[in-house]
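Below is one structure; the comments refer to it alone.
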Amino acid sequence: MAGLFDSLTLRETELPNRLMVSPMCQYSVEDRDGLATPWHHVHLGSRAVGGAGLVMAEATAVEPRGRITPEDLGIWSTEHADALTDTTAFVKSQGAVPGIQLAHAGRKASKSRPWEGSEPLQPDEGGYEVVAPTEEPWPYEAEAPPTKKLDTDEVAGIVDSFRDAAEHALDAGFEVAEVHGAHGYLLHEFLSPVTNDRDDEYGGSFENRARLIREVTEAVREVWPDGKPVFVRLSGTDWFDDRDSWTVEQSARLADILYEAGADLVDVSSGGIAPNSYPDWAGPNYQLALAEHVREHAESDIRVGTVGGITSAEQGEAILRNGRADLAIVGREFLRDPYFGLHAADELGDLEDGMIPDQYLRGFHERL
Ligand code: FMN
């Protein structure tokens, strides 16, 4: 079995290793216009310097209503693409592959940043329209502006936004497009019976609930070059066993549908559909069993990435060498240590000169 620092070829795209920086919102757009700033450049660039094989940019809104907060990154115009081209070029110059998570926040849109309380924003605070498969708002404690239930014919507009966003992402120089279908945001809201109360062709049966994410994946694949991979992030489960909800069995079934629609890898996360939709325990590898279930039960050749509680080189290496997933995805450890990739390679005896930037060679060779 391959190790963490073996390359992985997906279509014609070679990841230099199997370590991905998980998409992490930075809430750092300065003028509430969705445009990338120096913060995004340094944040993504330093993780590329730090040895990650794939650097996935945060949940990036496909339309203004799709932003979680007004400070989220967007990719709905040429200007948004232009603001990211230097960053993708820099990531590539460091030997890493740049990816972007294409996202729509659904009923979790239009709120303040986590460090400002994640409260719903009123129109006079810069709040904007919130759309979802249902008119049931997220159950905030504070009063929230109404959530608009998308009409059937408005759903096609969402698919178009993802397709257009993928085109802009390609122009910006990204090599991997990841559709965000997790964490209680719009596409997950259609998948889960917890939030999907529709009686049109986008609600009810499993096939109907899966229709939107399938159509979005097909639309992204339509414009994404054949040689480049498409990922989809899923919540493997809603973590409810006492109500009709999204389960790991449905995730495995969906993985095959997504493969048919053109996806190459599912990135298996979990939860987020409601305030109590979280695991009881979130220690090391806490979502690995979900990824393994999908890997074992999907009948197609779809690859599977695991995320959650990976904080050491040994853990990532063990996941890969034991064949439990195809990609180790690391979030918070990369916030603590932007050079986690280099440190992990060093620990595993896999550090090669080509990975260390010339500017930093003496730091690794002349140790005190
Ligand atoms: N997950 C997403 O799918 N998209 C995001 O944009 C996103 N933003 C995040 C921002 C922060 C600051 C953090 C800590 C997490 C975020 N997540 C997001 C979840 C992470 O990608 C990851 O799945 C989660 O932190 C678990 O992995 P970890 O234990 O390695 O941190």
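Remember, it's 1-based here, ligands and their atoms both numbered in the order they're listed.
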Audit row: D337, H343, side-chain contact (heavy atoms from CB on, under 4.5 Å) steps and yes/no: CA-CA 9 Å; D337 175 9; H343 293 147; 2.6 Å; yes
Can you find an N/O atom of [X] closer than 3.5 Å to an N/O atom of ligand 1?
X    : value
Y27  : no
L335 : no
A59  : yes

F334: partners by ring pair (Phe, Tyr, Trp, His ring centres under 6.0 Å), with sequence neighbours left out: F340
Nearest heavy atoms of K108 and E189, plus distance in Å: N-OE2, 4.0 Å
Sub-4.0 Å atoms of ligand 1 with respect to non-hydrogen atoms of Y286: 26 (C)
Proximal ligand 1 atoms for V307, defined as those under 4.0 Å from one of its heavy atoms: 22 (C), 23 (O), 27 (O)
Within-shell test, H183 vs ligand 1, heavy atom, strictly < 4.0 Å: yes
Sub-4.0 Å heavy-atom approach of G308 to ligand 1: yes
Proximity winner for atom 23 (O) of ligand 1, if only heavy atoms of M20, R233, E178 are counted: R233
Option with minimal heavy-atom separation from atom 17 (N) of ligand 1, where the choices are G331, S22, P23: P23
F190 and Y202 aromatic ring geometry - parallel, tilted or perpendicular at 30°/60° bounds: perpendicular
Considering non-hydrogen atoms of the protein only, which is the closest contact for [atom], and what is the distance?
atom                    : result
atom 12 (C) of ligand 1 : C25 O, 4.0 Å
atom 13 (C) of ligand 1 : M24 CG, 3.9 Å
atom 25 (O) of ligand 1 : R332 NE, 3.8 Å

Rounded distance (nearest 0.5 Å) linking atom CG of D197 with atom CD of E136: 7.0 Å
Centroid-centroid under 6.0 Å between W246 and F240 rings: no
Within reach of ligand 1, part of Q101 (heavy-atom separation under 4.0 Å): side chain
R253 to F206 six-membered ring, cation-pi geometry met (6.0 Å, 45°): yes
Y128 six-ring face occupied by R67 cation (under 6.0 Å, within 45°): yes
Check: I68 main-chain N/O paired with D72 side-chain donor or acceptor under 3.5 Å: yes
